[in-house]
Amino acid sequence: MVPLSLSQTGDTVVVRAIQGTGHLAIILGQLGMIIGIKLTVVEKGKESVIVRIGESRYALGAGAASMVLVEFQV
Amino acid sequence: MLLEPVQPVWFSLNFKYDDCMKEIRILLAGNPNVGKTTLFNSLCGVHQHTGNYPGVTVEIKEGKREAHDHSIIISDLPGTYSLSAFTPDEQVARDALLTSDPDVIVQIVDATNIERNLFFTTQLLEIGIPLVIALNMCDLADEQGITIDDKCLGKNLNIPVVRVVAKKGEGIQKLVDTIIEAAETTTKPDHRKIEYPHLVTTHIDEIGNYLSSHASLLKTLSPHYAAIRLLEGDEHLLTMLHEKGLDIPFIDKGDPAERDGITEDILLARYRAAEKVTTCSVMCTMGRVMPADLIDQVLTHRIFGIPIFLSCMWFAFQLTFSASNPFLVGIEYVWGYFTKIINGIGMDPLIRSFLSDGVIGGVGSVLVFVPSIFVMFIILSILEDSGYLARAAFVMDRFMHSIGLHGRSFIPFLIGFGCNVPAIMATRTLQSRADRFITIITIPFMSCAARLPVYVLFAGVFFGAAAGNVIFFLYVLGILVAIVSALIFRRVVFKDEPSPFIMELPPYRMPGGFTAVLHMWYKGREYLKRAGIVIFGGVLVVWALATLPAGVEYGSAESLAGIIGQAVEPLFAPLGFNWQLVVGLIFGFIAKEVVVGSLGTLYGGEDMLESSLAADPTISPAIALAYMVFVLLYMPCVAALGVIRQEMGNWKWTAIAIGWGILMAYLFAFILLHVGSLFIGA
Ligand SMILES: Nc1nc2c(ncn2[C@@H]2O[C@H](COP(=O)(O)OP(=O)(O)O)[C@@H](O)[C@H]2O)c(=O)[nH]1
Ligand SMILES: [Mg+2]
């Protein structure tokens, strides 16, 4: 498992955990970013990412991206 | 003894008429950017602002439609992904849905993104108020090869589903009929239930039973539903119940980790339900192509993203000025012609002074800038409709973060170049209070369209060919001051980190030429209306002050305007402003265009404003520069001040925001006056 902020453009990853206290898990959850879901990394900034789930794209800043732990899919 | 008041006939007629119209109150809810406001506009025949990014609507807008002896009161809500509200705009939507007890809730569902939309549906179903789904964007779904069996969708959820294309007004009548039917049904709605795992149901029952004995506190919510909300982590409800002195089983006493587990189970149960309904009612007939991925990879590229954005801005800036030039010349010609006519006709000197100084000199000076402002609005509307705005926010997130702001603040900033008022309202999409306050304090440094006339006038008169560069410099200066202010406030006052940046990126859409023109027209019309009322009013006052007391030479130091200006002038002595300029600043508080309007009135007379300003020996280019800087920074107009007060919620922070602006204005005007004097002559 690695933070989403370490992924690369074009990667397909599976969400394994959402770290941290507070609302992050609920905020991501209502967008469909739940444990076990598959994400495509559309664009990777320095630490921020744009991911796609199905039809929706979400931008995650560095802070949020480092809290989402993912596993790479091959 | 009191006599019964006699009621006029029309009143009783009116009353009867209203009596046979049944009133239905509905809420338009749904995810951001699914077309709620577009549908609202279609339903009510109005033109509320729409745009292709999340967070366009931040407050409830009400409208009305009459059909079949029913009067439907429609509320357009801000978009939310769920009932867990984290930002003030989401909170507004949540409160309306849970506490306003409407007759029908209409959820607008984006047909191209059913599954996530249905997640919210699973929450709305449980409220227990009749729910109708308006399946919107059916045109796009067709285009993308998505086939939706709306009958099957409706049957699965046991709610009516109506296909609409809000943008083209298709399916609206059917939707209205369905809404009325749903409102008329007297039996309790029997929506499909979400199946929760056994453990979750036990906790729901436990809490629900406890809450049944306090049902009056829950108002319209059923105890069962309140229990689900609490388990889902609804902090507003929890706080409300805590304030009433309740101690809720499991929530207050249970193990936090176990509670989080239940919250997650509920989330999963909702997604499972949404997925099940989606799989059996949605079919994709075409392989999906994702051209947007490619565009995103270019526009948000980690190296090219920022240069691309800056070039866009530079281009937009150039367009604003060059595109409006031909119009400027035309309008000036027309006004010059009017002046000649007025001067040619014999009339009372007071009326002539009013027409030539007040109307043409004052209001005319402002109207000259309407074309520039229209062009600026059309650019902003293209930016809003194409989907690029949200990408720009992403590209700028890292930079925004480094100056202590939230990436999302970027959207209000850009809107602020059009007008600060909606920009300040747009801060409602920010989660943390600190992020919101810093953004509100710095938005007024974004040079709004109303300040443009001041720059164009002074830069044109005093800087000739370099005018464009001077104006560009002012915009940049405003941004720099905003950056410095944000840094200071983040370091000194709000020391916490900005909250994490998460934002949905809307699909790219070709900004329709028609929509863009329509947007421009509605915003431009607002501007014209203001020019007509506020600016005219302000100019009228200045004209009267310049004329009174009777007998003084118009616009002289002995007139009331002169007396007021001179009284305040010493305050601005270090900046070198003469009393006419000071009067402009005072009245510019009403609206910044009034600065130009009042100067036009004071300097008007026989000559045009430009030549009189150029001939005034007390204004040097350096002073003109300092003046423009002061106007840029000094104070938001009355309208903006009102929203600042409203959004800050107290006078203390409103005062800090204003004080900070004046301080920055004085400081930078002073610096530029002295630096400017070295290079461009005092
Ligand atoms: N193609 C298409 N676009 C639509 C439709 N309804 C809305 N839109 C566009 O979707 C975007 C979001 O609309 P808006 O009403 O602001 O959404 P809201 O955030 O839910 O209020 C705008 O750019 C609209 O022009 C539709 O039925 N078809
Ligand atoms: Mg809206």
(request) For Arg116(B), look at atom CZ and say whether over 12 heavy atoms of other residues, nucleotides or ligands are found less than 6.0 Å away. (result)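 Atom CZ in Arg116(B) is crowded, with more than 12 foreign heavy atoms closer than 6.0 Å.
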(request) Answer with side chain, backbone, both or neither: which region of Ile53(A) has an atom nearer than 4.5 Å to a non-hydrogen atom of chain B? (result)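 Answer is neither: Ile53(A) stays 4.5 Å or more from chain B.
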(message) Can you tell me which portion of Ala62(A) sits under 4.5 Å from chain B's heavy atoms? Options are side chain, backbone, both or neither.
(response) backbone
(request) Give me the contact list for residues 40-50 of chain A versus chain B, heavy atoms only, anything under 4.5 Å, ordered by residue number. (result)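 From residues 40-50 of chain A, the residues near chain B are Val42(A), Glu43(A), Lys44(A), Gly45(A), Lys46(A), Ser48(A), Val49(A), Ile50(A).
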Measuring heavy-atom distances to chain A, does [X] have an atom under 4.5 Å in its side chain, in its backbone, in both, or in neither?
X         : answer
Arg270(B) : neither
Gln123(B) : neither
Glu115(B) : neither
Ile303(B) : neither
Ile502(B) : both

(request) In sequence, state the C-alpha distance, the side-chain angles, and the governing distance for Ile27(A) and Phe86(B), and then conclude on side chain to side chain contact (heavy atoms under 4.5 Å, CB included). (result) CA-CA 8 Å; Ile27(A) 294 179; Phe86(B) 296 105; 3.4 Å; yes
(message) Looking at Tyr271(B) and Gly32(A), would you say the former's side chain and the latter's main chain have a donor-acceptor pair under 3.5 Å?
(response)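 Here the side-chain-to-backbone pair exists.
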(request) Return the option, out of Ala59(A), Gly61(A), Gly63(A), with the maximum number of heavy-atom pairs under 4.5 Å with chain B. (result)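 Most heavy-atom pairs within the cutoff with chain B belong to Ala59(A).
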(message) Taking every non-hydrogen pair under 4.5 Å, which of Leu31(A), Ile34(A), Thr9(A) racks up the most with chain B?
(response) Leu31(A)
(request) Look up atom OG in Ser56(A) and atom CG in Asp110(B), then write down how far apart they are to the nearest 0.5 Å. (result) 8.5 Å
(message) Within this structure, what is the CG-CE distance for the pair Leu60(A) and Met503(B), rounded to the nearest 0.5 Å?
(response) 11.0 Å
(request) Take Glu232(B) and Ile26(A) through the side chain to side chain contact (heavy atoms under 4.5 Å, CB included) test and state the conclusion after the steps. (result) CA-CA 9 Å; Glu232(B) 263 194 290; Ile26(A) 302 181; over 6 Å; no
(message) Would you say that Phe119(B) contacts Gln30(A) through its side chain, given a criterion of any heavy-atom pair below 4.5 Å between the two side chains?
(response)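 Yes. Closest side-chain heavy atoms under 4.5 Å.
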